[in-house]
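The structure's right below; bear with me while I get my questions together.
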There are 2 protein chains.
Amino acid sequence: MRAMSDNGSLRRGRPGYDQQGILEVAVAAFNQYGYDATSMGVLADRLGLSKSAIYHHFASKDEILERALDDALSALEGVLNEADAAGGRAADRVDQVLRGAVHVLVSKLANVTLLLRVRGNTEVERRALARRRAFDKAVTALVEEAQAEGTLRSDIDASVVSRLLFGMINSIVEWYRPGGREDADKLADDVIAVALDGLRMPTANRVEELLG
Amino acid sequence: MRAMSDNGSLRRGRPGYDQQGILEVAVAAFNQYGYDATSMGVLADRLGLSKSAIYHHFASKDEILERALDDALSALEGVLNEADAAGGRAADRVDQVLRGAVHVLVSKLANVTLLLRVRGNTEVERRALARRRAFDKAVTALVEEAQAEGTLRSDIDASVVSRLLFGMINSIVEWYRPGGREDADKLADDVIAVALDGLRMPTANRVEELLG
DNA sequence: GTCTATATTGAGATAGAC
DNA sequence: GTCTATCTCAATATAGAC
(Lines give C-alpha, C1' and ligand atoms only; values in the text may rest on other atoms or scores of the structure.)
Protein backbone atom coordinates (compact mmCIF):
# COMPACT_ATOMS: atom_id res chain seq x y z
CA MET A 1 0.00 0.00 0.00
CA ARG A 2 3.02 2.27 -0.15
CA ALA A 3 3.39 4.78 -2.94
CA MET A 4 5.93 2.69 -4.81
CA SER A 5 3.60 -0.29 -4.98
CA ASP A 6 2.01 0.85 -8.19
CA ASN A 7 4.98 1.30 -10.48
CA GLY A 8 6.50 -2.12 -10.18
CA SER A 9 8.29 -2.56 -13.48
CA LEU A 10 9.69 0.94 -13.38
CA ARG A 11 11.43 0.56 -10.06
CA ARG A 12 14.67 -1.22 -10.74
CA GLY A 13 16.52 -0.70 -7.47
CA ARG A 14 17.42 -3.93 -5.70
CA PRO A 15 15.58 -4.22 -2.38
CA GLY A 16 12.03 -3.36 -1.47
CA TYR A 17 10.15 -5.52 -3.93
CA ASP A 18 6.43 -5.38 -4.57
CA GLN A 19 4.40 -8.18 -6.15
CA GLN A 20 4.90 -6.95 -9.69
CA GLY A 21 8.66 -6.75 -9.32
CA ILE A 22 8.89 -10.25 -7.95
CA LEU A 23 6.49 -11.50 -10.58
CA GLU A 24 8.67 -10.32 -13.45
CA VAL A 25 11.81 -11.94 -12.11
CA ALA A 26 9.94 -15.14 -11.27
CA VAL A 27 8.35 -15.47 -14.69
CA ALA A 28 11.71 -14.95 -16.39
CA ALA A 29 13.18 -17.75 -14.28
CA PHE A 30 10.20 -20.02 -14.88
CA ASN A 31 10.63 -19.56 -18.60
CA GLN A 32 14.36 -20.19 -18.50
CA TYR A 33 14.34 -23.36 -16.42
CA GLY A 34 10.73 -24.43 -16.54
CA TYR A 35 8.30 -23.86 -13.67
CA ASP A 36 8.92 -27.15 -11.90
CA ALA A 37 12.67 -26.93 -12.28
CA THR A 38 12.76 -23.46 -10.75
CA SER A 39 13.16 -23.69 -6.99
CA MET A 40 12.22 -20.97 -4.54
CA GLY A 41 15.90 -20.94 -3.63
CA VAL A 42 17.01 -20.06 -7.14
CA LEU A 43 14.25 -17.47 -7.28
CA ALA A 44 15.45 -15.94 -4.04
CA ASP A 45 19.01 -15.78 -5.37
CA ARG A 46 17.87 -14.00 -8.51
CA LEU A 47 15.89 -11.51 -6.49
CA GLY A 48 18.72 -11.02 -4.04
CA LEU A 49 16.31 -12.00 -1.28
CA SER A 50 15.81 -14.86 1.10
CA LYS A 51 13.18 -17.46 0.37
CA SER A 52 10.99 -16.33 3.22
CA ALA A 53 10.92 -12.77 1.88
CA ILE A 54 9.14 -14.10 -1.20
CA TYR A 55 6.51 -15.68 0.99
CA HIS A 56 5.74 -12.25 2.37
CA HIS A 57 4.47 -11.31 -1.11
CA PHE A 58 2.98 -14.57 -2.32
CA ALA A 59 1.36 -17.35 -0.36
CA SER A 60 2.95 -20.03 -2.51
CA LYS A 61 4.92 -20.74 -5.65
CA ASP A 62 1.62 -21.72 -7.21
CA GLU A 63 0.17 -18.28 -6.57
CA ILE A 64 3.00 -16.62 -8.48
CA LEU A 65 2.20 -18.83 -11.44
CA GLU A 66 -1.51 -18.07 -11.13
CA ARG A 67 -0.97 -14.33 -11.33
CA ALA A 68 1.24 -14.58 -14.40
CA LEU A 69 -1.13 -16.92 -16.23
CA ASP A 70 -4.17 -14.78 -15.48
CA ASP A 71 -2.44 -11.76 -16.94
CA ALA A 72 -1.70 -13.56 -20.20
CA LEU A 73 -5.13 -15.15 -20.46
CA SER A 74 -6.99 -11.93 -19.76
CA ALA A 75 -5.09 -10.19 -22.53
CA LEU A 76 -5.89 -12.94 -25.04
CA GLU A 77 -9.53 -13.05 -24.03
CA GLY A 78 -9.61 -9.29 -24.44
CA VAL A 79 -8.54 -9.64 -28.07
CA LEU A 80 -11.41 -12.01 -28.71
CA ASN A 81 -13.95 -9.78 -26.98
CA GLU A 82 -12.83 -6.75 -28.93
CA ALA A 83 -13.15 -8.58 -32.22
CA ASP A 84 -16.62 -9.82 -31.33
CA ALA A 85 -17.68 -6.36 -30.26
CA ALA A 86 -16.37 -4.87 -33.50
CA GLY A 87 -18.66 -7.12 -35.53
CA GLY A 88 -18.42 -7.09 -39.31
CA ARG A 89 -17.45 -9.97 -41.57
CA ALA A 90 -16.04 -13.08 -39.98
CA ALA A 91 -12.94 -12.76 -42.16
CA ASP A 92 -12.27 -9.33 -40.71
CA ARG A 93 -12.71 -10.61 -37.19
CA VAL A 94 -10.32 -13.50 -37.88
CA ASP A 95 -7.80 -11.00 -39.16
CA GLN A 96 -8.29 -8.85 -36.07
CA VAL A 97 -7.89 -11.79 -33.70
CA LEU A 98 -4.70 -13.03 -35.38
CA ARG A 99 -3.10 -9.59 -35.33
CA GLY A 100 -4.29 -8.98 -31.78
CA ALA A 101 -2.88 -12.29 -30.64
CA VAL A 102 0.53 -11.49 -32.16
CA HIS A 103 0.53 -8.17 -30.34
CA VAL A 104 -0.37 -9.75 -27.03
CA LEU A 105 2.36 -12.34 -27.55
CA VAL A 106 4.91 -9.62 -28.11
CA SER A 107 3.73 -7.21 -25.43
CA LYS A 108 3.31 -9.89 -22.79
CA LEU A 109 5.96 -12.23 -24.14
CA ALA A 110 7.11 -13.73 -20.85
CA ASN A 111 3.68 -14.38 -19.40
CA VAL A 112 2.31 -15.85 -22.62
CA THR A 113 5.39 -18.05 -22.97
CA LEU A 114 4.72 -19.39 -19.50
CA LEU A 115 1.06 -19.97 -20.35
CA LEU A 116 1.91 -21.97 -23.44
CA ARG A 117 4.06 -24.36 -21.44
CA VAL A 118 1.56 -25.21 -18.74
CA ARG A 119 0.92 -28.95 -18.51
CA GLY A 120 -1.98 -29.21 -16.06
CA ASN A 121 -0.16 -30.60 -13.03
CA THR A 122 -2.03 -28.49 -10.48
CA GLU A 123 -5.47 -26.94 -10.07
CA VAL A 124 -4.08 -23.57 -11.08
CA GLU A 125 -2.64 -25.05 -14.25
CA ARG A 126 -5.82 -26.93 -15.07
CA ARG A 127 -7.90 -23.77 -14.74
CA ALA A 128 -5.52 -22.00 -17.10
CA LEU A 129 -5.78 -24.84 -19.62
CA ALA A 130 -9.56 -24.66 -19.46
CA ARG A 131 -9.48 -20.97 -20.32
CA ARG A 132 -7.09 -21.70 -23.20
CA ARG A 133 -9.43 -24.34 -24.56
CA ALA A 134 -12.33 -21.90 -24.43
CA PHE A 135 -10.26 -19.41 -26.38
CA ASP A 136 -9.33 -22.00 -29.00
CA LYS A 137 -12.94 -23.04 -29.35
CA ALA A 138 -14.04 -19.48 -29.97
CA VAL A 139 -11.38 -19.02 -32.63
CA THR A 140 -12.44 -22.23 -34.34
CA ALA A 141 -16.03 -20.99 -34.41
CA LEU A 142 -14.82 -17.78 -36.00
CA VAL A 143 -12.94 -19.71 -38.68
CA GLU A 144 -16.04 -21.78 -39.38
CA GLU A 145 -18.00 -18.60 -39.88
CA ALA A 146 -15.42 -17.30 -42.32
CA GLN A 147 -15.53 -20.59 -44.23
CA ALA A 148 -19.32 -20.48 -44.45
CA GLU A 149 -19.03 -16.89 -45.57
CA GLY A 150 -16.81 -18.04 -48.41
CA THR A 151 -13.77 -15.95 -47.52
CA LEU A 152 -11.60 -18.76 -46.16
CA ARG A 153 -10.98 -22.04 -48.00
CA SER A 154 -13.27 -24.75 -46.67
CA ASP A 155 -11.41 -27.84 -47.87
CA ILE A 156 -9.52 -27.98 -44.57
CA ASP A 157 -11.30 -28.61 -41.29
CA ALA A 158 -11.86 -25.43 -39.27
CA SER A 159 -10.32 -26.84 -36.11
CA VAL A 160 -7.22 -27.92 -38.02
CA VAL A 161 -7.01 -24.47 -39.55
CA SER A 162 -7.26 -22.65 -36.24
CA ARG A 163 -4.79 -25.02 -34.62
CA LEU A 164 -2.25 -24.56 -37.40
CA LEU A 165 -2.76 -20.81 -37.29
CA PHE A 166 -2.23 -20.56 -33.58
CA GLY A 167 0.54 -23.10 -33.72
CA MET A 168 2.32 -20.71 -36.03
CA ILE A 169 1.50 -17.65 -33.93
CA ASN A 170 2.30 -19.23 -30.60
CA SER A 171 5.65 -20.48 -31.83
CA ILE A 172 6.73 -16.85 -32.00
CA VAL A 173 7.46 -16.95 -28.27
CA GLU A 174 10.21 -19.47 -28.97
CA TRP A 175 12.36 -17.02 -30.89
CA TYR A 176 11.01 -13.47 -30.86
CA ARG A 177 12.95 -11.08 -28.64
CA PRO A 178 11.88 -7.46 -27.83
CA GLY A 179 13.23 -4.76 -30.13
CA GLY A 180 10.62 -2.05 -30.55
CA ARG A 181 6.99 -1.43 -31.43
CA GLU A 182 7.00 -1.57 -35.20
CA ASP A 183 8.55 -5.01 -35.08
CA ALA A 184 5.34 -6.40 -33.69
CA ASP A 185 3.37 -4.89 -36.56
CA LYS A 186 5.78 -6.27 -39.15
CA LEU A 187 5.64 -9.66 -37.50
CA ALA A 188 1.84 -9.60 -37.52
CA ASP A 189 1.95 -8.65 -41.20
CA ASP A 190 4.24 -11.59 -41.95
CA VAL A 191 2.03 -14.01 -40.08
CA ILE A 192 -1.08 -12.78 -41.85
CA ALA A 193 0.71 -12.89 -45.19
CA VAL A 194 1.81 -16.50 -44.74
CA ALA A 195 -1.52 -17.56 -43.30
CA LEU A 196 -3.73 -15.98 -45.92
CA ASP A 197 -1.67 -15.97 -49.09
CA GLY A 198 0.92 -18.66 -48.51
CA LEU A 199 4.59 -18.73 -49.34
CA ARG A 200 4.49 -19.70 -52.97
CA MET A 201 5.43 -17.02 -55.44
CA PRO A 202 2.18 -15.73 -56.96
CA THR A 203 3.79 -16.05 -60.35
CA ALA A 204 5.19 -19.55 -59.85
CA ASN A 205 3.40 -22.48 -61.41
CA ARG A 206 1.12 -24.11 -58.94
CA VAL A 207 0.45 -27.66 -57.78
CA GLU A 208 1.90 -29.52 -60.73
CA GLU A 209 5.45 -28.28 -60.54
CA LEU A 210 6.05 -27.99 -56.83
CA LEU A 211 4.26 -31.02 -55.60
CA GLY A 212 4.64 -33.26 -58.60
CA MET B 1 20.74 -60.06 -24.33
CA ARG B 2 17.81 -62.40 -24.03
CA ALA B 3 15.64 -63.15 -26.99
CA MET B 4 12.91 -60.81 -25.85
CA SER B 5 15.21 -57.85 -25.68
CA ASP B 6 14.69 -56.96 -29.30
CA ASN B 7 10.94 -56.70 -29.59
CA GLY B 8 10.31 -54.19 -26.85
CA SER B 9 7.16 -52.48 -27.97
CA LEU B 10 5.51 -55.71 -29.01
CA ARG B 11 5.80 -57.38 -25.64
CA ARG B 12 3.01 -56.08 -23.49
CA GLY B 13 3.14 -58.43 -20.51
CA ARG B 14 3.77 -56.63 -17.21
CA PRO B 15 7.05 -57.73 -15.72
CA GLY B 16 10.36 -58.34 -17.39
CA TYR B 17 10.94 -54.96 -18.94
CA ASP B 18 13.69 -54.13 -21.38
CA GLN B 19 14.99 -50.64 -22.08
CA GLN B 20 12.53 -49.98 -24.89
CA GLY B 21 9.52 -50.94 -22.80
CA ILE B 22 10.57 -48.69 -19.96
CA LEU B 23 11.40 -45.92 -22.39
CA GLU B 24 7.89 -45.84 -23.83
CA VAL B 25 6.20 -45.62 -20.46
CA ALA B 26 8.69 -43.04 -19.24
CA VAL B 27 8.31 -40.78 -22.26
CA ALA B 28 4.52 -40.89 -21.95
CA ALA B 29 4.80 -39.82 -18.32
CA PHE B 30 7.34 -37.10 -19.12
CA ASN B 31 4.97 -35.67 -21.70
CA GLN B 32 2.00 -35.80 -19.39
CA TYR B 33 3.56 -34.15 -16.35
CA GLY B 34 6.71 -32.62 -17.78
CA TYR B 35 10.15 -34.15 -17.34
CA ASP B 36 11.03 -32.35 -14.12
CA ALA B 37 7.65 -32.95 -12.55
CA THR B 38 7.85 -36.69 -13.21
CA SER B 39 9.49 -38.46 -10.30
CA MET B 40 11.12 -41.86 -10.49
CA GLY B 41 8.50 -42.92 -7.97
CA VAL B 42 5.62 -42.09 -10.27
CA LEU B 43 7.47 -43.76 -13.09
CA ALA B 44 7.92 -46.90 -10.99
CA ASP B 45 4.22 -46.93 -10.16
CA ARG B 46 3.27 -46.68 -13.81
CA LEU B 47 5.63 -49.50 -14.68
CA GLY B 48 4.45 -51.60 -11.78
CA LEU B 49 8.06 -51.74 -10.63
CA SER B 50 10.13 -50.44 -7.79
CA LYS B 51 12.35 -47.44 -8.35
CA SER B 52 15.51 -49.48 -8.08
CA ALA B 53 14.35 -51.79 -10.86
CA ILE B 54 14.45 -48.84 -13.22
CA TYR B 55 18.05 -48.19 -12.27
CA HIS B 56 18.88 -51.66 -13.46
CA HIS B 57 18.02 -50.52 -17.00
CA PHE B 58 19.12 -46.91 -16.96
CA ALA B 59 21.91 -45.28 -15.03
CA SER B 60 19.85 -42.19 -14.33
CA LYS B 61 16.67 -40.30 -15.12
CA ASP B 62 18.78 -38.18 -17.41
CA GLU B 63 19.81 -41.18 -19.48
CA ILE B 64 16.19 -42.08 -20.16
CA LEU B 65 15.66 -38.60 -21.50
CA GLU B 66 18.83 -38.79 -23.59
CA ARG B 67 17.69 -41.97 -25.35
CA ALA B 68 14.29 -40.56 -26.19
CA LEU B 69 15.68 -37.28 -27.49
CA ASP B 70 18.29 -38.99 -29.64
CA ASP B 71 15.62 -41.10 -31.29
CA ALA B 72 13.56 -38.03 -32.24
CA LEU B 73 16.56 -36.02 -33.39
CA SER B 74 17.98 -38.82 -35.51
CA ALA B 75 14.69 -39.18 -37.32
CA LEU B 76 14.45 -35.46 -38.05
CA GLU B 77 18.05 -35.30 -39.20
CA GLY B 78 17.33 -38.27 -41.44
CA VAL B 79 14.60 -36.31 -43.20
CA LEU B 80 17.04 -33.52 -43.92
CA ASN B 81 19.71 -35.88 -45.18
CA GLU B 82 17.30 -37.66 -47.49
CA ALA B 83 16.14 -34.38 -48.97
CA ASP B 84 19.70 -33.24 -49.53
CA ALA B 85 20.62 -36.56 -51.12
CA ALA B 86 17.60 -36.40 -53.43
CA GLY B 87 18.81 -33.11 -54.87
CA GLY B 88 16.64 -31.24 -57.36
CA ARG B 89 15.08 -27.80 -56.94
CA ALA B 90 15.21 -26.19 -53.54
CA ALA B 91 11.43 -25.86 -53.60
CA ASP B 92 11.09 -29.61 -54.00
CA ARG B 93 13.48 -30.25 -51.14
CA VAL B 94 11.58 -27.80 -48.92
CA ASP B 95 8.41 -29.67 -49.73
CA GLN B 96 10.08 -32.99 -48.97
CA VAL B 97 11.45 -31.74 -45.64
CA LEU B 98 8.09 -30.34 -44.52
CA ARG B 99 6.24 -33.53 -45.39
CA GLY B 100 8.97 -35.66 -43.88
CA ALA B 101 8.91 -33.65 -40.67
CA VAL B 102 5.15 -34.10 -40.36
CA HIS B 103 5.56 -37.84 -40.79
CA VAL B 104 8.30 -38.01 -38.17
CA LEU B 105 6.14 -36.00 -35.80
CA VAL B 106 3.28 -38.41 -36.25
CA SER B 107 5.29 -41.63 -36.22
CA LYS B 108 7.44 -40.62 -33.27
CA LEU B 109 4.89 -38.37 -31.65
CA ALA B 110 5.86 -38.96 -28.03
CA ASN B 111 9.60 -38.58 -28.48
CA VAL B 112 9.30 -35.49 -30.66
CA THR B 113 6.88 -33.94 -28.19
CA LEU B 114 9.45 -34.44 -25.47
CA LEU B 115 12.16 -32.95 -27.66
CA LEU B 116 10.15 -29.82 -28.34
CA ARG B 117 9.76 -29.14 -24.64
CA VAL B 118 13.39 -29.40 -23.64
CA ARG B 119 14.64 -26.25 -21.92
CA GLY B 120 18.37 -26.82 -21.62
CA ASN B 121 18.63 -27.44 -17.88
CA THR B 122 21.22 -30.22 -18.17
CA GLU B 123 24.08 -31.20 -20.45
CA VAL B 124 21.87 -33.78 -22.14
CA GLU B 125 19.24 -31.14 -22.82
CA ARG B 126 21.77 -28.64 -24.09
CA ARG B 127 23.20 -31.15 -26.54
CA ALA B 128 19.70 -31.84 -27.83
CA LEU B 129 19.04 -28.13 -28.25
CA ALA B 130 22.27 -27.76 -30.20
CA ARG B 131 21.17 -30.47 -32.62
CA ARG B 132 17.79 -28.79 -32.99
CA ARG B 133 19.46 -25.49 -33.80
CA ALA B 134 21.59 -27.17 -36.46
CA PHE B 135 18.43 -28.62 -37.98
CA ASP B 136 16.68 -25.24 -37.99
CA LYS B 137 19.71 -23.62 -39.57
CA ALA B 138 19.75 -26.16 -42.39
CA VAL B 139 16.06 -25.61 -43.06
CA THR B 140 16.56 -21.85 -43.17
CA ALA B 141 19.35 -22.32 -45.71
CA LEU B 142 17.00 -24.41 -47.81
CA VAL B 143 14.31 -21.72 -47.69
CA GLU B 144 16.89 -19.12 -48.74
CA GLU B 145 17.77 -21.27 -51.73
CA ALA B 146 14.13 -21.53 -52.71
CA GLN B 147 13.73 -17.78 -52.41
CA ALA B 148 16.79 -17.16 -54.58
CA GLU B 149 15.40 -19.68 -57.04
CA GLY B 150 12.22 -17.60 -57.23
CA THR B 151 9.81 -20.30 -56.10
CA LEU B 152 9.12 -18.94 -52.62
CA ARG B 153 8.18 -15.34 -51.90
CA SER B 154 11.20 -13.36 -50.79
CA ASP B 155 9.52 -10.42 -49.09
CA ILE B 156 9.68 -12.28 -45.78
CA ASP B 157 12.98 -13.12 -44.12
CA ALA B 158 14.01 -16.75 -44.64
CA SER B 159 14.59 -17.41 -40.96
CA VAL B 160 11.16 -15.99 -40.10
CA VAL B 161 9.64 -18.18 -42.79
CA SER B 162 11.28 -21.35 -41.57
CA ARG B 163 10.43 -20.54 -37.97
CA LEU B 164 6.78 -19.93 -38.79
CA LEU B 165 6.67 -23.08 -40.90
CA PHE B 166 8.14 -25.25 -38.19
CA GLY B 167 6.13 -23.45 -35.56
CA MET B 168 3.05 -24.61 -37.42
CA ILE B 169 4.36 -28.12 -37.96
CA ASN B 170 5.68 -28.61 -34.44
CA SER B 171 2.42 -27.44 -32.92
CA ILE B 172 0.86 -30.60 -34.31
CA VAL B 173 2.20 -32.52 -31.32
CA GLU B 174 -0.10 -30.47 -29.09
CA TRP B 175 -3.29 -31.91 -30.52
CA TYR B 176 -2.69 -34.73 -33.01
CA ARG B 177 -3.50 -38.18 -31.68
CA PRO B 178 -2.77 -41.46 -33.55
CA GLY B 179 -5.53 -42.78 -35.76
CA GLY B 180 -4.08 -44.42 -38.84
CA ARG B 181 -1.53 -43.97 -41.61
CA GLU B 182 -3.46 -41.94 -44.14
CA ASP B 183 -4.14 -39.35 -41.49
CA ALA B 184 -0.49 -38.40 -41.49
CA ASP B 185 -0.56 -37.90 -45.26
CA LYS B 186 -3.72 -35.81 -45.10
CA LEU B 187 -2.22 -33.76 -42.30
CA ALA B 188 0.95 -33.19 -44.33
CA ASP B 189 -1.21 -32.16 -47.29
CA ASP B 190 -3.08 -29.65 -45.13
CA VAL B 191 0.13 -28.20 -43.75
CA ILE B 192 1.63 -27.84 -47.21
CA ALA B 193 -1.60 -26.35 -48.51
CA VAL B 194 -1.74 -23.69 -45.82
CA ALA B 195 1.99 -23.00 -46.02
CA LEU B 196 2.21 -22.66 -49.78
CA ASP B 197 -1.17 -21.38 -50.89
CA GLY B 198 -2.62 -19.81 -47.76
CA LEU B 199 -6.12 -19.88 -46.39
CA ARG B 200 -7.78 -17.21 -48.43
CA MET B 201 -10.26 -18.39 -51.01
CA PRO B 202 -8.53 -18.19 -54.38
CA THR B 203 -11.57 -16.40 -55.70
CA ALA B 204 -11.93 -13.94 -52.83
CA ASN B 205 -10.79 -10.39 -53.30
CA ARG B 206 -7.30 -9.90 -52.04
CA VAL B 207 -5.50 -7.40 -49.84
CA GLU B 208 -7.93 -4.50 -50.17
CA GLU B 209 -10.99 -6.15 -48.75
CA LEU B 210 -9.59 -8.40 -46.08
CA LEU B 211 -6.90 -6.22 -44.67
CA GLY B 212 -8.46 -2.86 -45.35
C1' DG C 1 15.33 -58.51 -13.24
C1' DT C 2 13.36 -57.30 -9.27
C1' DC C 3 12.89 -56.38 -4.41
C1' DT C 4 13.22 -53.82 0.52
C1' DA C 5 15.58 -50.92 2.75
C1' DT C 6 18.23 -46.55 3.26
C1' DA C 7 21.52 -42.71 2.35
C1' DT C 8 21.46 -38.04 1.11
C1' DT C 9 20.10 -34.00 -0.81
C1' DG C 10 17.12 -30.24 -1.81
C1' DA C 11 12.45 -28.90 -2.18
C1' DG C 12 8.33 -25.83 -0.41
C1' DA C 13 7.00 -23.62 3.44
C1' DT C 14 6.86 -21.63 8.46
C1' DA C 15 8.42 -19.27 12.99
C1' DG C 16 9.69 -15.46 14.88
C1' DA C 17 13.29 -11.73 15.41
C1' DC C 18 14.53 -7.17 13.50
C1' DG D 1 9.93 -6.05 4.05
C1' DT D 2 13.54 -8.85 5.09
C1' DC D 3 16.29 -11.98 7.75
C1' DT D 4 18.16 -16.73 9.98
C1' DA D 5 16.95 -21.05 11.34
C1' DT D 6 14.25 -24.91 10.88
C1' DC D 7 10.41 -28.22 9.87
C1' DT D 8 8.81 -31.72 6.86
C1' DC D 9 8.60 -34.25 3.00
C1' DA D 10 9.79 -36.12 -1.38
C1' DA D 11 13.32 -36.47 -4.68
C1' DT D 12 17.39 -39.20 -6.99
C1' DA D 13 20.13 -42.74 -6.26
C1' DT D 14 22.58 -46.85 -3.91
C1' DA D 15 23.31 -51.34 -1.20
C1' DG D 16 22.68 -55.75 -1.10
C1' DA D 17 19.35 -59.78 -0.78
C1' DC D 18 16.59 -63.01 -3.71
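Chain naming here is simple, since letters A, B, ... match the order of the sequence lines and numbering starts at 1 in each.
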Does D/dG1 have OP1 or OP2 sitting under 4.0 Å from an N or O in the side chain of A/His56?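 Yes, because at least one side-chain N or O of A/His56 sits under 4.0 Å from OP1 or OP2 of D/dG1.
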Distance check needed: D/dT4 C1' versus A/Leu49 CG, whole Å only.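 My rounded result for the distance is 14 Å.
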From CZ of B/Phe58 over to C1' of D/dT12, roughly how many Å is that when rounded to an integer?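 For the pair B/Phe58 CZ and D/dT12 C1', the rounded distance is 16 Å.
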Return the value, rounded to whole Å, for the distance between atom CG of A/Asp45 and atom P of C/dA11.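 Result: 10 Å.
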The side chain of A/Ser50 lies closest to which of these nucleotides: C/dT2, D/dC3, D/dT14?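 Looking only at heavy atoms from C-beta outward on A/Ser50, the closest nucleotide is D/dC3.
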Taking atom P of C/dA15 as reference, at what distance in whole Å does atom NZ of A/Lys51 sit?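 The answer, rounded to whole Å, is 15 Å.
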B/Tyr35 six-ring face occupied by B/Lys61 cation (under 6.0 Å, within 45°):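 That pair qualifies as a cation-pi contact.
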Salt bridge between B/Glu77 and B/Arg131, side-chain N to carboxylate O under 4.0 Å?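 Looking at B/Glu77 and B/Arg131, the cut-off is met.
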A/Tyr17 side chain: which of C/dG12, D/dT2, D/dT12 is closest?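 So the nucleotide nearest the side chain must be D/dT2.
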Rounding to a whole Å, what distance do you find between A/Leu47:CG and D/dC3:C1'?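 Checked: the CG to C1' distance equals 15 Å.
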By nearest atom, which of the nucleotides C/dG12, D/dT12, C/dT2 is closest to the B/Ala53 side chain?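 Nearest to the side-chain atoms of B/Ala53, counting from C-beta on, is C/dT2.
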B/Glu82/B/Arg93 ion pair, N-O < 4.0 Å: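 A salt bridge is absent here (no side-chain N lies under 4.0 Å from a carboxylate O).
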In whole angstrom, what separates B/Tyr55's OH from C/dT8's C1'?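 Nearest whole value for this atom pair: 13 Å.
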Nearest-neighbour nucleotide for the A/Met40 side chain, D/dC3, C/dT2, C/dG12 considered: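 Of the options given, the side chain of A/Met40 lies nearest C/dG12.
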Expressed in angstrom and rounded to an integer, what is the separation of B/Asp18 atom CG from C/dT2 atom C1'?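 Rounding to the nearest Å, CG of B/Asp18 and C1' of C/dT2 are 15 Å apart.
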Check the distance between C/dA11's P and A/Asn121's CG and give it to me in whole angstrom.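 Atom-to-atom, A/Asn121 to C/dA11, this comes out as 18 Å.
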Nearest to the side chain of B/Ser52, heavy atoms from C-beta on, is which of D/dT2, C/dT4, D/dA13?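 Among D/dT2, C/dT4, D/dA13, the one nearest the side chain of B/Ser52 is C/dT4.
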Closest approach to the side chain of B/Ser60, judged atom by atom: which nucleotide of D/dT2, D/dA13, C/dA13 is it?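 Given the options D/dT2, D/dA13, C/dA13, the side chain of B/Ser60 is closest to D/dA13.
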Please determine if A/Arg127 and A/Glu66 form a salt bridge, counting it only when a charged side-chain N lies under 4.0 Å from a carboxylate O.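 Salt bridge present between A/Arg127 and A/Glu66.
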Nearest of D/dA11, C/dG1, D/dT4 to any side-chain atom of B/His57?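 Given the options D/dA11, C/dG1, D/dT4, the side chain of B/His57 is closest to C/dG1.
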Does the pair A/Arg99/A/Asp95 count as a salt bridge with the N-to-O cut at 4.0 Å?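 Here A/Arg99 pairs with A/Asp95 in a salt bridge, since their nearest N and O are under 4.0 Å apart.
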